[in-house]
Amino acid sequence: MVTKVAENIVKSLGQIRQNINAMAEQTTYRESVRLLAVSKKHSAEAIRVAYEAGQREFAENYVQEGVAKVQQLQALDITWHFIGPLQSNKTKLVAEHFDWVQSIDREKIARRLNDQRSGALPPLNVLLQVNIDNDPNKSGVKKSDINALAKFVSKCPHLKLRGIMTILEADTDEKQQLDSFTSMRELYQQLQQLHPSVDTLSMGMSGDMRQAIHAGANMVRIGSAIFGQRE
Ligand SMILES: *Cc1c(COP(=O)(O)O)cnc(C)c1O
């Protein structure tokens, strides 16, 4: 990898960690915020550079691409998250290779992942993807269906319910972002009352990280601000 590119990754990573910690300290929640490095469309080499700078959690969006990197980097102590849309015919690969899935939005996918997760592995950590604005064009479970899906997942022995995630439209303004993220925080706290295993609220990307942390995210998913623009 070109030295300059590697240097930029290390520098950006350090800067983002600093920003996250500074923002987290200013919230009323005062929780630490986990940084998930979104490595889709970037090479295994780029991941290795971030790893050597201390990053341990990485996320992929595409099954084939993600599995290839998981296998290539098997020797490293990485926690892998799957965050992309998931079709039924790809659940087996995800159940076999990932540690977390953040994009569960229906029972059928949860059931398949549970059936396909080997009992020899720890349970697969699961976040429900919430369509917080009830946008008909977007994937994610509707607010009114969260409790039923959470209940289903919590009864799956090979899955562990850890929380919820959301993706906002790229063109929403700051006020809308804050409103949506704040609703997510409320849903998260309600879910925690029902399911003690819930400890993760995943929201905020390179463009809206500040608003997400302000509203109470405890995991942010950052891609381009670490690795640069994707092809
Ligand atoms: C690509 C992606 C990210 C990271 O987006 P950036 O804008 O590059 O930080 C986060 N979450 C999901 C679900 C993504 O698909």
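Here the structure is a predicted model, which is why all the values come from computation and not from measurement. Just so you know, ligand 1 is whichever comes first in the structure, and atom 1 is the first atom listed for that ligand.
Under the 3.5 Å distance criterion, the side-chain polar atoms of Arg185 are matched with a main-chain donor or acceptor of Gly216. Not a single donor-acceptor pair under 3.5 Å links the side chain of Thr166 to the backbone N or O of Met203.
Environment of NE2 in His97: crowded, with over 12 heavy atoms of neighbouring residues, nucleotides or ligands closer than 6.0 Å. Counted within 6.0 Å of CZ on Arg112, heavy atoms from surrounding residues, nucleotides or ligands total more than 12; the atom is thus considered enclosed.
Nearest to atom 11 (N) of ligand 1 among the protein's heavy atoms is Arg221 NE, 2.9 Å. At the top of the distance list for atom 5 (O) of ligand 1, counting protein heavy atoms only, stands Met205 CE, 3.7 Å. In this structure, the protein non-hydrogen atom closest to atom 12 (C) of ligand 1 is Ile83 CD1, 3.5 Å. The nearest protein atom to atom 6 (P) of ligand 1, hydrogens excluded, is given as Ser206 OG, 3.5 Å; this is a heavy-atom distance. Counting only heavy atoms of the protein, atom 2 (C) of ligand 1 lies nearest to Lys40 NZ, 2.5 Å.
Under a 4.0 Å N-O distance rule, the pair Glu96/Lys92 qualifies as a salt bridge.
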Please report the C-alpha distance between Glu57 and Arg34 in whole Å, then the side-chain angles of each, then the deciding distance to 0.1 Å, and finally whether the salt bridge (Lys or Arg N to Asp or Glu O under 4.0 Å) criterion is met.
CA-CA 9 Å; Glu57 295 195 87; Arg34 281 157 71 186; 2.8 Å; yes
Is there a salt bridge (Lys or Arg N to Asp or Glu O under 4.0 Å) between Lys69 and Glu60 once you walk through the steps?
CA-CA 9 Å; Lys69 289 180 207 168; Glu60 290 287 334; 2.9 Å; yes
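For Gly223, a nitrogen or oxygen atom sits less than 3.5 Å from a nitrogen or oxygen atom of ligand 1, counting backbone and side chain alike.
Of all atoms in ligand 1, numbered sequentially from 1 with element shown, those under 4.0 Å from a heavy atom of Ile222 are 9 (O). Each of the atoms 14 (C), 15 (O) of ligand 1 lies under 4.0 Å from some heavy atom of Asn61.
Contacts of Ile167 with ligand 1, taken as heavy-atom pairs under 4.0 Å, involve the side chain alone. Of all the heavy atoms of Gln102, none lies under 4.0 Å from any atom of ligand 1, so neither backbone nor side chain is involved.
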